[in-house]
There are 2 protein chains.
Amino acid sequence: MSQAKNAKNTDEIVAQWKIERPDIDASPMAVCGDIWRASDRIKQAVADNAKKFDLDYPQFDVIMTLRRQGKGKTLSPSLLAKEMMLSTSAMTNRLDRLEKRGLIERIVDPNDRRGLRIALTDAGFDLVDTLVVSHVETEERMIENLTPEDRAELRRLLAKLS
Amino acid sequence: MSQAKNAKNTDEIVAQWKIERPDIDASPMAVCGDIWRASDRIKQAVADNAKKFDLDYPQFDVIMTLRRQGKGKTLSPSLLAKEMMLSTSAMTNRLDRLEKRGLIERIVDPNDRRGLRIALTDAGFDLVDTLVVSHVETEERMIENLTPEDRAELRRLLAKLS
DNA sequence: GTAAGGTAATTTGATATCGAACTATTTGAT
DNA sequence: ATCAAATAGTTCGATATCAAATTACCTTAC
């Protein structure tokens, strides 16, 4: 995940293809590759920050999503899964681990006995409230070289992707 | 991986945090989140394309890397792993599967009996040469709404990330 | 009101990943 | 020359993921 020192930059990759397949315009690889790698670096930084709180990224992801719904709010496992683009079986797994750690609890849905409501425990709530500060600092550090205009422009360009 | 219909856009997420934690400027989440999601969509499209050739992304990744080195060129497993930012054990796994499919072969390094040289077979070479065409088309389709200037600007901005 | 089909969550089985331990070989220091 | 340390690749153990199957419950159509 972390940027390996020896990984070629995306221009070098395009140059290699230019030699091997001069009939192909490989330049999209540079654009897509740069997005890909930027994302990997952000993911790594975010995961490293979560690790400081003894959380892996999957756990971090869930409790952040729960926290931003508001104090006392709950979500069903399937909504959580949809929200974070994950299979419900992966969500079951994440919730198992978080429940074991006492950060969330599963509450039977009073209106639908098939369903559950997932709530942060007090410990989970407190943890997120500390965590989110350094999380935002981490992300800010990743993009600190971008001016406000750069940021807006970057988002505008990314929004144009199909 | 695919963009879930119900996933909130990153502005909505920032807005939720604004309510819950007005003391925090969560705007970096929107920038980083947009990069993250753009990357996920590209990854999905690339994996879907590979699937048309009965390859999963990991296998695709390896044979593309080998192919662009040039016909007949070889790389060691550890260099391959470094090149694609992967553990060597994951690389062993990928090579096992590719070897079973007859797309690559492991050749003992004549200069170092600990080492291997990984080479594409003729079948592997032919497969990549078809595959790479639709791969580039796939990536081009993802960024088709970006003008050449947009693409350069996007890369310039991404390069400014820490 | 009952049966058919839909939905919620979990379980199961397969695969990919990593880090650590392991085996075999090479390199380097004396 | 010898032996310790480094290196190449694999194996092992743990964890995460997905898709498909499963169980339980709800909703709809009649």
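The analysis underlying the following values was restricted to heavy atoms, covering all of them including side chains, and did not include hydrogens, waters or symmetry mates.
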**Contact list for DNA chain C against residues 88-111 of chain A - heavy-atom distance below 4.0 Å** = A:Thr88, A:Ser89, A:Thr92, A:Arg106
**Spacing between B:Leu55 atom CG and C:dT15 atom C1', to the nearest angstrom** = 15 Å
**Item:** Whole-Å distance separating the CD atom of A:Gln44 from the C1' atom of C:dT17
**Value:** 13 Å
**Asked** Could you state the CG-C1' distance from B:Leu86 to C:dT15, rounded to the nearest angstrom?
**Response** 14 Å
**Asked** Taking CG from A:Asp112 and P from C:dT7, how many angstroms apart are they, rounded to a whole number?
**Response** 12 Å
**Item:** Short side-chain donor-acceptor distance under 3.5 Å, B:Asp40 and B:Gln44
**Value:** no
**Request:** Kindly write out the residues that satisfy ring pair (Phe, Tyr, Trp, His ring centres under 6.0 Å) with B:Trp36, not counting sequence neighbours, or none if the list is empty.
**Result:** A:Tyr57
**Request:** Please determine, for the side chain of A:Arg114, which listed nucleotide (C:dC18, D:dA16, C:dA8) has the closest atom?
**Result:** C:dA8
**Request:** Write down the distance between CG (A:Asp56) and P (C:dC18), rounded to a whole number of angstrom.
**Result:** 15 Å
**Item:** Length of the OH-P vector between B:Tyr57 and D:dA16, whole Å
**Value:** 22 Å
**Message:** Among residues at least two apart in sequence or on other chains, which ones pass side-chain hydrogen bond (donor to acceptor under 3.5 Å, both in side chains) with A:Thr88?
**Reply:** none
**Separation of C:dT17 C1' from A:Asp40 CG (nearest whole Å)** = 14 Å
**Prompt:** What is the distance from CZ of A:Phe60 to P of D:dA16, rounded to the nearest Å?
**Reply:** 16 Å
**Request:** Could you tell me which nucleotide pairs with C:dT30 by Watson-Crick or G-U wobble geometry, both distances under 3.5 Å, or answer none if nothing does?
**Result:** D:dA1
**Request:** Indicate whether OP1 or OP2 belonging to D:dT17 is found under 4.0 Å from a side-chain N or O atom of A:Ser87.
**Result:** no
**Contact list for residues 123-162 of chain B, test ring-ring contact (aromatic ring centres under 6.0 Å, His included), sequence neighbours left out** = B:Phe60-B:His135
For residues 19-33 of chain A, dump all side-chain donor-acceptor pairs below 3.5 Å to protein atoms at least two apart in sequence or in another chain.
residue: A:Glu20; atom: OE1; partner: B:Arg67; partner atom: NH1; Å: 2.7
residue: A:Arg21; atom: NE; partner: A:Asp23; partner atom: OD1; Å: 3.0
residue: A:Arg21; atom: NH1; partner: B:Asp129; partner atom: O; Å: 3.0
residue: A:Arg21; atom: NH1; partner: B:Asp129; partner atom: OD1; Å: 3.3
residue: A:Arg21; atom: NH2; partner: A:Asp23; partner atom: OD2; Å: 2.9
residue: A:Asp25; atom: OD1; partner: A:Ser27; partner atom: N; Å: 3.0
residue: A:Asp25; atom: OD1; partner: A:Ser27; partner atom: OG; Å: 2.9
residue: A:Asp25; atom: OD2; partner: A:Ser27; partner atom: OG; Å: 3.3

**Request:** For residues 141-162 of chain A, pull every pair meeting ring-ring contact (aromatic ring centres under 6.0 Å, His included), keeping only residues two or more places apart or in separate chains.
**Result:** none
**Asked** Charged N to carboxylate O below 4.0 Å: is that the case for A:Arg106 and A:Asp96?
**Response** yes
